[in-house]
Amino acid sequence: MEVKTIGILTSGGDAPGMNAAIRAVTRSAIFAGMKVFGIYRGYQGLIEDQIEEFKTQNVSNIISRGGTILKTARSADFKTPEGRKLAYENMQKHGIDALVVIGGDGSITGASILAREYDVPIVGLPGTIDNDLAGTDMTIGYDTAMNTIMECVDKIRDTATSHARLFFIEVMGRDAGFLALNGAIATGCEDVIIPEETTQYDQLKALIANGFRKSKSSSMVLVTESKDPQGGALGLAERMKKEFPEYDVRCSILGHLQRGGSPTAADRILASRTGYAAVEALREGQRNVMIGIHNDHIVNVPFHKAIKKDKPIDPELLTVLRVLSI
Ligand code: ADP
C-alpha cells in the first residue's frame, strides 16, 4: 500500500536534534507529495487527538533549537491495549497511514507493539542522548550532550585542581556508559564508573585499590546515573566519605543540563539524513525499522534489533582512558 499521509511524533526523553529530525521528515514527505500531521506530546497526544496538519512553514527556523516543538511525554495509557486502540482510531480519523516515531528505546518498543497489533507501517528515528539503541553508531542528541558534558567537566576541573579534590561527576545514560566513557576521554578524566562493568561499588573499590594517580593533586571520575540510592555520584561520594575519610570528596550531578541546548553540527546532520531516509523507507514500503547510521552509511535496523539492549562499549576506549590518565 502506498503511504500518502504520515504522522510524526517525538516521545520519551527529549534530545537535541529532535527538531532537526521533525523538519527533515516533514519537508521530505511534503517534497514526495505526502500529507504530514504533527502529533503533539508523543503517544499521549495520539491518544488524546492532539494532532495538527504540518506545512513546510511549521518547521521553519527550528533546526538550531534544542527540545522538540512537538513536545514529548511519557504515556502510561499507551502501554495498555485500550490506549493503543484509541491511538489507532485517531490515526484513522485523520487518514494517517504511517508513523515516524522519534525517541529512545521505550518509544521504539511502543512503536513495534502498535505496528504489530494494527499492522501499520512505522519507521523509527533514534532520538536519545544515551546512544543506547543497537544497530546505529550514534543516536540523535548524543553528540550535543557529550559536548555539553565536556564544557561542564572542563569547568569543574578548574575548581577540582585548585582545591586538590576528588570529584565524582554524574552524567546521564540510563543503562549505558557511552556518555560517561567518551565524556571522560574528552575531558581527560581519571576514570569512569559505568553500567557495563561490574557493580558501581566494585568499580569504586578497584579505583581506590589502584590508588588514584599519586602524581596528581586532583582526580575526576565520571559516573553513569544509577537507580540504586547507594550508586550514582551522590551514593558513591557518601560511601567514600564514610570508608575513606582521607579523601576530600565532592560530587556534582549534571542533570538536565545535558538534555538542552542547540544541537551540534553532527546532530543536525544526523537528524537531517535519517529524517530524509525515514520518508524514503516508507516510500519503498519498508516498515518496523529504525533508521540508523553505521560507518557513515544509512542503515535500516529492524525494531527488535534496535531495542535488544546489546550495544556493547568498545573495551579499547577504557584502555585509552586509563593509559592517557597516568
Ligand atoms: P524513551 O523512548 O526515551 O526510552 P520511555 O522509556 O519513557 O522513553 O518510553 C516512552 C514511551 O514509549 C512510554 O511512555 C510509553 O508510552 C511508550 N512505551 C515504552 N515501553 C512500552 C511498552 N512496553 N509498550 C507500549 N508502550 C511503551
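First listed ligand is number 1; within each ligand, the first listed atom is number 1. For clarity, every value in this text was computed on a predicted model and none was experimentally measured.
- Note that R250 lies outside the cation-pi zone of F168, set by a 6.0 Å cut-off to the ring centre and a 45° limit from the axis.
- Counting heavy-atom neighbours within 6.0 Å of K311 NZ, excluding the residue itself, gives a total above 12.
- In this structure, K35 forms no cation-pi arrangement with F54, as its terminal cationic atom is not both closer than 6.0 Å to the ring centre and no more than 45° off the ring axis.
- Of the candidates P229, S226, C251, C251 is the only one forming a side chain to side chain contact (heavy atoms under 4.5 Å, CB included) with L234.
- Here the CE atom belonging to M150 is positioned 11.0 Å from the NZ atom belonging to K155, to the nearest 0.5 angstrom.
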Output, or 'none' if empty, a list of ligand 1-protein atom pairs in which both atoms are N or O and the distance is under 3.5 Å, rounded to 0.1 Å.
residue, atom, partner, partner atom, Å
ligand 1, 2 (O), G104, N, 3.0
ligand 1, 2 (O), G104, O, 3.4
ligand 1, 2 (O), S107, N, 2.9
ligand 1, 2 (O), S107, OG, 2.5
ligand 1, 3 (O), G13, N, 3.1
ligand 1, 3 (O), R174, NH2, 3.4
ligand 1, 4 (O), D105, N, 3.4
ligand 1, 4 (O), G106, N, 2.9
ligand 1, 4 (O), R174, NH2, 2.9
ligand 1, 7 (O), R74, NE, 2.5
ligand 1, 12 (O), G106, O, 3.4
ligand 1, 14 (O), S75, N, 2.7
ligand 1, 16 (O), S75, N, 3.4
ligand 1, 16 (O), S75, O, 2.7
ligand 1, 18 (N), G106, O, 3.3

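- Shown here are the side chain to side chain donor-acceptor pair (under 3.5 Å) partners of K309, two or more places apart in sequence or in another chain: D105.
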